[in-house]
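Accompanying notes for the structure given below.
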Amino acid sequence: MNGKEPAFAPAPGRAPTTTILRHQTALEIRLILRRGETLVLNVLVPLAALLGVGLTDVIRLPEEDRLGFVVPGVIGLAVMSTAFTGQAINTGYERAYGVLKLLGGSALRRSGVLVAKTAAVLAVIALQVALLVSVGVALGWRPQLSMLAPALALVLLATALFSSFGLLLAGTLPAQATAGAATLVYLVLLVTGGVMFPVPGADRVGAVLPLSALTDGLRATLTHGVAPAALNWIGLACVGMVGVLGTVRWFRWE
Amino acid sequence: MSAPPAITVEDLTVRYGDRVAVDGVSFRLRRGEVLALLGPNGAGKTSIVEVCEGYRRAGGGTVEVLGLDPFADHDRLTPRMGIMLQSGGVHPRVSAADMLELFASFAAHPLEVDLLVDRLDLGGFLHTPFIRLSGGERQRLAMALALVGRPEVVFLDEPTAGMDPRGRYRTWELVDELRSCGVAVLLTTHLLDEAERLADQVVIIDRGRLLAAGSPEALTGMGGVGRLTLTATPGLPVAAMPAGLVAAEEPAGTYLVEGALDTAGLAAVLTWCLAEGATVTGLRTESRTLEDVFLELTAREAA
């Protein structure tokens, strides 16, 4: 060792939790933003839907205020695309590559992996919402701000719900199957989730289905300035509970 | 109060459904020691390591790492352990530099990244995404990630698989350095020369069972001398060699003797020379290699 300080003398220790989580979250955000699918599913599709429905009358809407209908719709789509579809695909591959295993065995710990993923998803959703709202406002959308708090609560609740189902898929199915299923669900809900046109039966079954409950509730709060329907809350809470319990029960790290 | 051993494994069993992957294995690793789990593929080496790393619960027996239960106390142990998985573990789009910086940020007193870059020769691919690295480059990065937090115990699962000779040599040197710094290293390998070169203790595993354990010297010395070359009068009757020994004369006057060459066996060979009235002019012994021991043990197990 030619008299050198023993370079690898053990000196273990965990950095402050906030430092660890900040670094991991920053990397997660970068990974989400760098993905090509992210740009398409999370930005281009919602923007195209916003412009297409908001500025043309290709799709017949029940209300005069086209932007008032479609901006809350695409906000819901943005939440789902990041919390569910993107999260499921990425986590599925990370599980297959052993990324979750190595991180779970590091000083980050498994709980840290989940916290960082959630924080990254929330940060990306905030960026998407800021972009969509800016475009909407530039086009003439004038949201009601009196019900902003319940609107934010709906977004958070829906994020938790979509996140838990994304993780449930990623933690139980092989990566390829996860990617396929998550994309399929995205496409089905894009059409039937009340994003671009009203769901038939929106006041009954649709009110409790995850994406339409969110888009419905956002429309009530942001466009009409009224509280979301109780069914929206109940739907999001119940389905979300199923997702969380299922994930806790069945999620596998490798 | 003396510090607990780095790893204590006692009568460990691991089952996957009905299949017994590890069956009653015991060993102990002290700080500043290197222990090699040696065995063919599928012998149960990774299962043992995964229990020690806290990824898997022991099916039976007890395992302690630094005095703690690696499964129940996993979160307390993670900063004190360095884990190198057999493959993967890094997101395909992340570069070595980003990954090292990330893992360094998890530690209270991380190593200088430059030191690891130098020791493991990472400089040539620091900014290349993981997916474009060769097998050996991935292994070196994985090893750097295991070390950056300055752990007390390091787990290396087949650390040199896929490495070229130069990479392997560097890795071996690094393991020597870890030992001299007081780090405990548990490694798995199916390379006999690697185990012989690196380990203070070798634990030979096959089909989940411990076949033999000890220092490489003790293991290779277990059955006495490996083979004996005898120079003596030509034309001796090799068929008359005592039981348990086989001799062949090639070329004339040179006898190669193999078999149970413990002290009694050596005495028997010389007694045979005496009985045949031979003049012995040369005696050369060769010790057995770990390979001889390993093949003998695994062949016996298979029989």
Side-chain angles (χ1 to χ4, degrees), chain A residues 1-38 89-113 116-117 120 175 252-254, chain B residues 31 50 53-56 66 74-94 98-99 101-112 115-116 118-119 130-131 142 145-155 174 176-184:
Chain A
M1 303 266 311
N2 49 42
K4 274 185 298 181
E5 181 86 350
F8 295 97
R14 202 189 297 276
T17 304
T18 48
T19 310
I20 294 180
L21 291 176
R22 199 180 64 233
H23 280 88
Q24 179 64 27
T25 305
L27 181 69
E28 296 269 2
I29 292 174
R30 260 172 36 224
L31 285 172
I32 297 176
L33 296 181
R34 252 190 241 166
R35 279 205 316 265
E37 313 95 84
T38 304
I89 295 174
N90 195 42
T91 308
Y93 281 109
E94 285 184 353
R95 175 166 164 260
Y97 295 141
V99 175
L100 297 183
K101 184 179 183 183
L102 189 67
L103 289 174
S106 76
L108 175 64
R109 300 181 276 196
R110 289 182 171 179
S111 56
V113 175
K117 283 202 174 296
R252 290 287 165 266
W253 288 80
E254 37 174 313
Chain B
R31 291 156 201 262
E50 287 191 340
E53 289 166 338
Y55 284 124
R56 194 177 291 290
L66 301 166
H74 191 232
D75 282 356
R76 282 170 69 199
L77 274 174
T78 52
R80 304 173 69 186
M81 305 188 294
I83 293 175
M84 176 183 180
L85 302 177
Q86 204 173 95
S87 66
V90 179
H91 197 288
R93 266 189 287 252
V94 177
D98 284 349
M99 208 56 199
E101 193 195 311
L102 179 72
F103 270 55
S105 80
F106 293 169
H109 321 284
L111 287 175
E112 290 291 333
L115 174 88
L116 288 165
D118 172 61
R119 287 290 205 290
F130 187 74
I131 196 165
L145 295 177
L147 300 181
V148 71
R150 301 179 70 175
E152 292 164 76
V153 184
V154 173
F155 298 94
L174 191 52
D176 284 335
E177 197 174 347
L178 291 174
R179 169 187 14 232
S180 67
C181 291
V183 178

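Just the heavy atoms: all of them, side chains too, but no hydrogens, waters or symmetry mates, feed the values below. In what follows, every chain begins at residue 1, and chains take the letters A, B, ... in the order their sequences are listed. Just so we're clear, the structure is a prediction, and the values are computed from it rather than from any experiment.
- Note that the CZ atom of B:R76 and the CZ atom of A:R14 stand 10.5 Å from one another [nearest 0.5 Å].
- In this structure, the portions of A:Q24 lying under 4.5 Å from any heavy atom of chain B include both its backbone and its side chain.
- Interface remark: of the candidates B:D98, B:L147, B:L77, B:D98 forms the most heavy-atom pairs closer than 4.5 Å to chain A.
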Please walk me through it: do A:N90 and B:H91 pass side chain to side chain contact (heavy atoms under 4.5 Å, CB included)?
CA-CA 10 Å; A:N90 195 42; B:H91 197 288; 3.2 Å; yes
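- When each of B:P151, B:P92, B:P110 is checked for heavy-atom pairs under 4.5 Å with chain A, B:P92 comes out on top.
- Note on B:L178, B:D176, B:T78, B:V90: by heavy-atom pairs under 4.5 Å with chain A, the leading option is B:T78.
- Residue contact with chain A, scored on non-hydrogen atoms closer than 4.5 Å, is absent for B:F130.
- The shortest heavy-atom contact between A:A7 and B:R119 is CB-NH2, 4.0 Å.
- Heavy-atom pairs under 4.5 Å with chain B peak, among A:L31, A:L100, A:T17, at A:L31.
- Contact count versus chain A (heavy atoms, under 4.5 Å) is highest, among B:S87, B:P79, B:A146, for B:P79.
- The minimum heavy-atom distance between B:H74 and A:G105, with the atom names listed, is CE1-CA, 4.0 Å.
- Ionic pairing of B:E50 and A:K101 is present here: one or more N-O contacts between side-chain nitrogen and carboxylate oxygen are shorter than 4.0 angstrom.
- When each of A:E254, A:H23, A:R22, A:E94 is checked for heavy-atom pairs under 4.5 Å with chain B, A:H23 comes out on top.
- Highest contact tally toward chain B, considering only A:S111, A:G112, A:A11, is held by A:A11 [criterion: heavy-atom pairs under 4.5 Å].
- Of the listed residues (B:R31, B:R80, B:R93), the one with the most heavy-atom contacts under 4.5 Å to chain A is B:R93.
- Looking only at side-chain heavy atoms (C-beta outward), B:I131 and A:Y97 stay at 4.5 Å or farther from each other.
- The parts of A:L108 that come within reach of chain B are both its backbone and its side chain, each placing non-hydrogen atoms under 4.5 angstrom from that chain.
- Here the closest non-hydrogen pair linking A:L27 and B:L102 is CD2-CD2, 3.7 Å.
- When every heavy atom of A:P10 is checked against every heavy atom of B:G182, the shortest pair comes out as CG-O, 4.3 Å.
- Both the backbone and the side chain of B:E152 have a heavy atom closer than 4.5 Å to some heavy atom of chain A.
- Taken from CZ in B:F106 to CG in A:L103, the straight-line distance is 6.0 Å, to the nearest 0.5 Å.
- Counting heavy atoms from C-beta outward, B:V94 and A:R30 have side chains that stay 4.5 Å or more apart.
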